[in-house]
S.K.: 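The structure follows.
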Amino acid sequence: MINKSVAELIESEGLLLQEIHVKGWVRTFRSNRFIALNDGSTINNIQCVIDFENTSEETLKRINTGAAVSIKGTLAASQGRGQSVEVQVSEIEVLGDSNPDEYPIQPKKHSFEFLRENAHLRVRTNTFSAVMRVRSKLSFAVHQYFQDRNFNYVNTPIVTGSDAEGAGEMFRVTNFKDNEAPLTEDGTVDYSKDFFGKETNLTVSGQLEAETYAMALGKAYTFGPTFRAENSNTTRHLAEFWMIEPEVAFMDLDGNMDLAEDFIKNVLNSILESCKDDLAFLDHRLTQEEKSKPQAERSDMSLLEKLRFVVDNNFKRVSYTEAIDILRNSKPNKKKKFQFPINEWGADLQSEHERFLVEKHFKCPVILFDYPADIKAFYMRLNDDGKTVRAMDVLFPGIGEIVGGAQREERYDVLVEKMKAMNIDEKELWWYLDLRKFGTAVHSGFGLGFERLVQFTTGMSNIRDVIPFPRTPQNAEF
RNA sequence: UCCUUCUUAGCUCAGUUGGUUAGAGCAUCUGACUGUUAAUCAGAGGGUCCUAGGUUCGAGUCCUAGAGAGGGAGCCA
């Protein structure tokens with residue numbers, strides 16, 4: 001008797017006619033005879049055939065969708081057409097019942113909205129199990145990529161004492177009880193009496209801390225949770241999400257763009273190898289979904305084609321200034337189709353503009369670089385023209401900005417001046433300025449939203465469907 | 001936060017210009033059948049039409065307010 005996972009049973013024809021033992025959950029039970037059994041090891045089910053005439057009525061009644069069962073039997077070539085092997089059951093035990101009257105997951109199509117309300121059970125469906133297996137493999141591929149290249153994994157703090165990271169609204173962390181926060185003389189909360197002795201927040205980015213490690217270990221990366229208290233209600237924002245932030249000493253913006261492109265291609269490639277079954281399922285799912293859309297909104301590439309396209313083609317690198325020229329002379333701009341017309345240099349690009357560049361003009365991933373200094377963060381390296389910074393965004397079809405990065409300002413005087421101009425407290429970031437005082441050097445890095453990468457890889461349109469328990473405004477169930 | 005659409009059975013939805021007792025498919029239950037592939041066939045049960053007001057002889061349908069959800073925008077990853 002050999003214990004086997006469903007994935008192993010389906011793969012290994014060498015086990016034919018052997019006695020096997022398998023445990024899993026019932027997906028469907030047809031004709032009082034056929035169990036489609038899934039144990040999460042693969043998107044595929046194994047068919048278990050029951051000799052119902054020699055099985056008690058009581059047991060048969062308990063074989064319901066969602067029930068956990070233990071099955072002993074013989075692996076055999078299937079008589080039916082839908083599968084090559086199946087288990088001829090000699091012994092079945094129901095380990096955990098599932099009342100069909102109450103179990104919400106039916107063997108039918110459910111809306112993603114409904115499944116979000118059942119996030120604890122939705123991973124029992126084909127789509128979510130596929131997405132979450134891909135997410136896990138992607139996560140591994142991220143570490144593999146950096147570890148293979150001798151990057152050091154840095155665990156930057158989740159509770160941060162600095163509120164100057166400038167990446168968005170922060171969640172306050174306090175140990176004060178309700179209505180018991182001590183006040184200072186001027187009536188504001190006295191955080192010097194709080195747990196950390198100062199005001200603290202959940203991190204919005206590990207970048208500044210990662211820089212400190214890059215300036216000692218050379219190559220560093222973070223991969224951890226980040227938090228934004230923005231009231232964002234979109235298909236590509238979460239209040240809690242996972243971010244990947246490599247940071248490299250002695251690397252300029254060109255090296256940064258090379259790294260981002262190579263990284264994305266590499267991890268996608270490894271998923272194309274390691275998640276073939278799940279991607280095939282997701283590819284088919286998306287194709288079916290697209291059929292219900294009007295012709296104009298359909299994608300001209302399938303999911304697998306899109307992934308291979310990204311892996312096989314160079315990202316188009318375009319400076320902000322070139323992009324503005326292209327947009328200014330574009331048809332939608334001349335025909336006044338843009339909600340925000342492009343008139344002059346210096347305007348921030350709206351998502352309609354990014355979409356035009358990526359989806360209509362270049363039809364491939366685009367890296368925009370050298371943005372106006374005014375619309376970017378204080379730590380980005382000022383170019384010699386005095387008006388642009390060495391920033392870059394990687395834009396992807398469908399999901400927009402997947403990467404944001406920059407060469408960091410390494411010159412102490414220039415950085416201090418920028419901080420003053422942008423009203424950032426130098427005292428808060430004394431340690432960040434120290435990096436420029438002692439052994440400063442050119443260095444660069446970027447941030448990549450992990451969930452957006454999972455979205456692109458799986459073809460899921462809502463970011464809430466690629467993280468197990470999404471945190472969004474007004475929602476922290478589970 | 002703004003714009004917009006939606007909310008009817010466990011799920012997915014239909015419900016005409018306001019008019020009898022609000023429907024279908026799937027799911028569930030009962031029975032039949034038994035090599036099925038979202039099994040099939042017959043029957044049954046299942047409804048605070050999101051909530052609160054209002055208009056009307058009459059509201060699932062029209063109006064007002066609120067709640068929740070989806071999509072888009074902004075912010076960004």
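Reminder, nothing fancy here: chain letters follow the sequence lines and each chain counts from 1.
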S.K.: Quiz question: going by heavy-atom distance under 3.5 Å, is there a donor-acceptor pair between the base of B:U37 and the side chain of A:Glu86?
M.R.: no
S.K.: Measure CZ/A:Phe450 against C1'/B:A77 and give the value in whole Å, please.
M.R.: 13 Å
S.K.: Does the plane of the ring in A:Trp345 sit parallel, tilted or perpendicular to the ring in A:Tyr320? Use 30° and 60° as the thresholds.
M.R.: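 Judged by the thresholds at 30° and 60°, the geometry between A:Trp345 and A:Tyr320 is perpendicular.
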S.K.: Answer with base, sugar-phosphate or nothing: what part of the nucleic acid does A:Thr234 contact at a heavy-atom distance below 4.0 Å?
M.R.: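 Since a base atom lies under 4.0 Å of A:Thr234, the category is base.
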S.K.: Closest-nucleotide mapping onto RNA chain B: is A:Asn475 or A:Gln339 further toward the 5' terminus? I mean the 5' end.
M.R.: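 Checking each residue's closest nucleotide, the 5'-ward one belongs to A:Asn475.
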S.K.: Can you check the distance between B:G68 and B:C75, where both ends of the measurement are the P atom (answer in whole Å)?
M.R.: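 Looking at atom P only, B:G68 and B:C75 are 26 Å apart.
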S.K.: Compare the minimum distances between each of B:A77, B:A39, B:C75 and the side chain of A:Ser31, then state the nucleotide with the smallest one.
M.R.: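 For the A:Ser31 side chain, the nearest candidate turns out to be B:A39.
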S.K.: List for me each residue that meets ring-ring contact (aromatic ring centres under 6.0 Å, His included) alongside A:His443, sequence neighbours excluded, and say none if there are none.
M.R.: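 ring-ring contact (aromatic ring centres under 6.0 Å, His included) list for A:His443, sorted by chain: empty.
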S.K.: Rounded to the nearest angstrom, tell me the gap between atom CZ in A:Phe112 and atom P in B:G70.
M.R.: 13 Å
S.K.: Is any side-chain N or O of A:Lys109 closer than 4.0 Å to OP1 or OP2 of B:A27?
M.R.: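 So the side chain of A:Lys109 is outside the cut-off, no N or O lying under 4.0 Å from OP1 or OP2 of B:A27.
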S.K.: Provide, to the nearest angstrom, the distance between the CZ atom belonging to A:Arg355 and the P atom belonging to B:G74.
M.R.: 8 Å
S.K.: Tell me whether the side-chain N/O atoms of A:Arg30 come closer than 4.0 Å to OP1 or OP2 in B:A39.
M.R.: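 The answer is yes; a side-chain N or O of A:Arg30 sits under 4.0 Å from OP1 or OP2.
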S.K.: Would you say B:A73 has OP1 or OP2 under 4.0 Å from some side-chain N or O of A:Ser351?
M.R.: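 Affirmative; the distance criterion is met.
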S.K.: A:Leu121 CG to B:G10 C1': how many Å, rounded?
M.R.: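 After rounding, the gap between these two atoms is 14 Å.
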S.K.: With rounding to whole Å, what would you report as the distance between B:G53 and B:C13 at their C1' atoms?
M.R.: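 It works out to 29 Å between them.
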S.K.: Between B:A32 atom P and A:Arg33 atom CZ, what is the distance in whole Å?
M.R.: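 In whole Å, B:A32 P and A:Arg33 CZ are 17 Å from each other.
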S.K.: On a plain distance test, is the side chain of A:His110 in donor-acceptor contact with the base of B:C11 below 3.5 Å?
M.R.: no
S.K.: Kindly say whether, by distance alone, the side chain of A:Gln106 makes a donor-acceptor pair under 3.5 Å with the base of B:U28?
M.R.: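 Check fails, no donor-acceptor contact within cut-off.
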S.K.: Just call it for A:Gln350: base, sugar-phosphate, or nothing, with non-hydrogen atoms closer than 4.0 Å on any strand.
M.R.: sugar-phosphate
S.K.: Compute whether any side-chain donor of one residue and acceptor of the other, for A:Asp97 and A:Asn99, lie under 3.5 angstrom apart.
M.R.: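 Distance-only check fails for A:Asp97 and A:Asn99.
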S.K.: Are A:Gln455 and A:Glu451 close enough that a side-chain donor and a side-chain acceptor fall under 3.5 Å?
M.R.: no
S.K.: Could you tell me whether A:Glu102 contacts a base, only the sugar-phosphate backbone, or nothing, with contacts defined as non-hydrogen atoms closer than 4.0 Å?
M.R.: nothing
S.K.: So which atom in A:Asn256 and which in A:Gly405 form the shortest heavy-atom distance, rounded to 0.1 Å?
M.R.: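 Between these two residues, the closest heavy atoms are ND2-C, 4.2 Å.
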S.K.: Quickly work out the A:Arg464 CZ to B:A77 P distance and round it to whole Å.
M.R.: 19 Å
S.K.: Roughly how many Å apart are B:U5 and B:G43, using the C1' atom of each and rounding to a whole number?
M.R.: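 Here B:G43 and B:U5 have their C1' atoms 40 Å from each other.
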S.K.: Distance check, C1' atoms only: B:G46 and B:G25, in whole angstrom units.
M.R.: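 After rounding to an integer number of Å, I get 15 Å for this pair.
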S.K.: Examine the base of B:C75 for any acceptor or donor lying under 3.5 Å from a partner atom in the side chain of A:Ser232, and report the outcome as yes or no.
M.R.: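 It does, because a donor-acceptor pair links the side chain of A:Ser232 to the base of B:C75 below 3.5 Å.
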S.K.: More 5' along RNA chain B: A:Phe34 or A:Ile375, using each one's nearest nucleotide?
M.R.: A:Phe34
S.K.: NA contact type, A:Gly447, heavy-atom cut-off 4.0 Å: base, sugar-phosphate, or nothing?
M.R.: sugar-phosphate
S.K.: Measure from the side chain of A:Arg236, starting at C-beta and using heavy atoms only, and say which of B:A73, B:G68, B:G71 lies closest.
M.R.: B:A73
S.K.: Could you tell me whether A:Ser78 contacts a base, only the sugar-phosphate backbone, or nothing, with contacts defined as non-hydrogen atoms closer than 4.0 Å?
M.R.: base
S.K.: Looking at the base of B:A77, is there any donor atom on it, or on the side chain of A:Arg228, that sits under 3.5 Å from an acceptor on the other one?
M.R.: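 For A:Arg228, whose side chain was compared with the base of B:A77, there is a donor-acceptor pair (under 3.5 Å).
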S.K.: Which part of the nucleic acid, if any, lies within contact of A:Arg116, taking any heavy atom under 4.0 Å across all strands shown: a base, the sugar-phosphate backbone alone, or nothing?
M.R.: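 The answer is sugar-phosphate, as A:Arg116 gets under 4.0 Å only of primed atoms, P, OP1 or OP2.
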S.K.: Between B:C2 and B:G66, how far is it from one P atom to the other, in whole Å?
M.R.: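 After rounding to an integer number of Å, I get 11 Å for this pair.
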S.K.: A:Glu19 and A:Thr74: side-chain donor and acceptor closer than 3.5 Å?
M.R.: yes
S.K.: Please determine, by modelled atom types, if A:Ser205 and A:Glu245 share a side-chain donor-acceptor pair under 3.5 angstrom.
M.R.: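 Per modelled atom types, A:Ser205 and A:Glu245 side chains form a pair under 3.5 Å.
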S.K.: Can you tell me, in whole Å, how much space there is between the P of B:A22 and that of B:U48?
M.R.: 13 Å
S.K.: Contact class for A:Asn231 (heavy atom, under 4.0 Å): base, sugar-phosphate, or nothing?
M.R.: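 A:Asn231: base contact, heavy atoms under 4.0 Å.
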S.K.: If you check every side-chain atom of A:His237, which of B:C76, B:G35, B:G70 has the closest atom?
M.R.: B:C76
S.K.: How would you label the contact of A:Glu240 with the nucleic acid (heavy atoms, under 4.0 Å): base, sugar-phosphate, or nothing?
M.R.: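 Touches nothing.
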S.K.: Taking atom types as they are modelled, would you say the side chain of A:Gln79 forms a donor-acceptor pair with the base of B:G35 within the 3.5 Å cutoff?
M.R.: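 It does, because a donor-acceptor pair links the side chain of A:Gln79 to the base of B:G35 below 3.5 Å.
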S.K.: Do A:Phe263 and A:Phe146 have ring centroids that are under 6.0 Å from one another?
M.R.: yes
S.K.: Any side-chain N or O of A:Arg122 under 4.0 Å from OP1/OP2 of B:C11?
M.R.: no
S.K.: With under 30° as parallel and over 60° as perpendicular, where do the rings of A:Phe338 and A:Phe356 fit, or are they tilted in between?
M.R.: perpendicular
S.K.: Would you say the rings of A:Tyr153 and A:Phe223 are close, in the sense that their centroids are separated by under 6.0 Å?
M.R.: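 No, they do not, as the ring centres are separated by 6.0 Å or more.
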S.K.: Assess, by modelled atom type and distance only, whether the side chains of A:Glu211 and A:Tyr432 contain a donor and an acceptor separated by less than 3.5 Å.
M.R.: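 Side chains of A:Glu211 and A:Tyr432: pair found under 3.5 Å.
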S.K.: Does A:Asn462 have a side-chain nitrogen or oxygen under 4.0 Å from the phosphate oxygens OP1 or OP2 of B:G71?
M.R.: yes
S.K.: Look at all strands and tell whether A:Ile244 reaches a base, only sugar-phosphate, or nothing, counting heavy atoms closer than 4.0 Å.
M.R.: nothing
S.K.: Hey, is the side chain of A:Ser111 poking within less than 4.0 Å of OP1 or OP2 on B:U12, counting only N and O atoms?
M.R.: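 Yes, such a contact exists.
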S.K.: Out of B:G10, B:C29, B:C75, which nucleotide sits closest to the side chain of A:Lys108?
M.R.: B:G10
S.K.: When you compare the side chains of A:Arg133 and A:Ser129, does any donor N or O come within less than 3.5 Å of an acceptor on the partner?
M.R.: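 Yes, because at least one side-chain N or O of A:Arg133 sits under 3.5 Å from a partner of the opposite role on A:Ser129.
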S.K.: What is the distance, to the nearest angstrom, from the CG atom on A:Leu395 to the C1' atom on B:A77?
M.R.: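 Rounding to the nearest Å, CG of A:Leu395 and C1' of B:A77 are 12 Å apart.
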S.K.: Using a 4.0 Å heavy-atom cut-off across all strands, classify A:Lys61 as base, sugar-phosphate, or nothing.
M.R.: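 Sugar-phosphate only.
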S.K.: I'd like the C1' distance from B:U28 over to B:G70, given in whole Å.
M.R.: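 About 29 Å, rounded to a whole number of Å.
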S.K.: Measure the distance from CE on A:Met380 to P on B:C76 and round it to the nearest whole Å.
M.R.: 10 Å
S.K.: Pairs counted as Watson-Crick or G-U wobble with both distances under 3.5 Å: what dot-bracket string results for RNA chain B, using | for bases tied to another strand?
M.R.: (((((((..((((.....[...)))).(((((.......))))).....(((((..]....))))))))))))....
S.K.: How far does the C1' atom of B:A59 sit from the matching atom of B:G15, given to the nearest Å?
M.R.: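 Looking at atom C1' only, B:A59 and B:G15 are 14 Å apart.
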S.K.: For A:Pro107, report the nucleic acid contact type (base, sugar-phosphate, nothing); a contact means any heavy atom under 4.0 Å.
M.R.: nothing
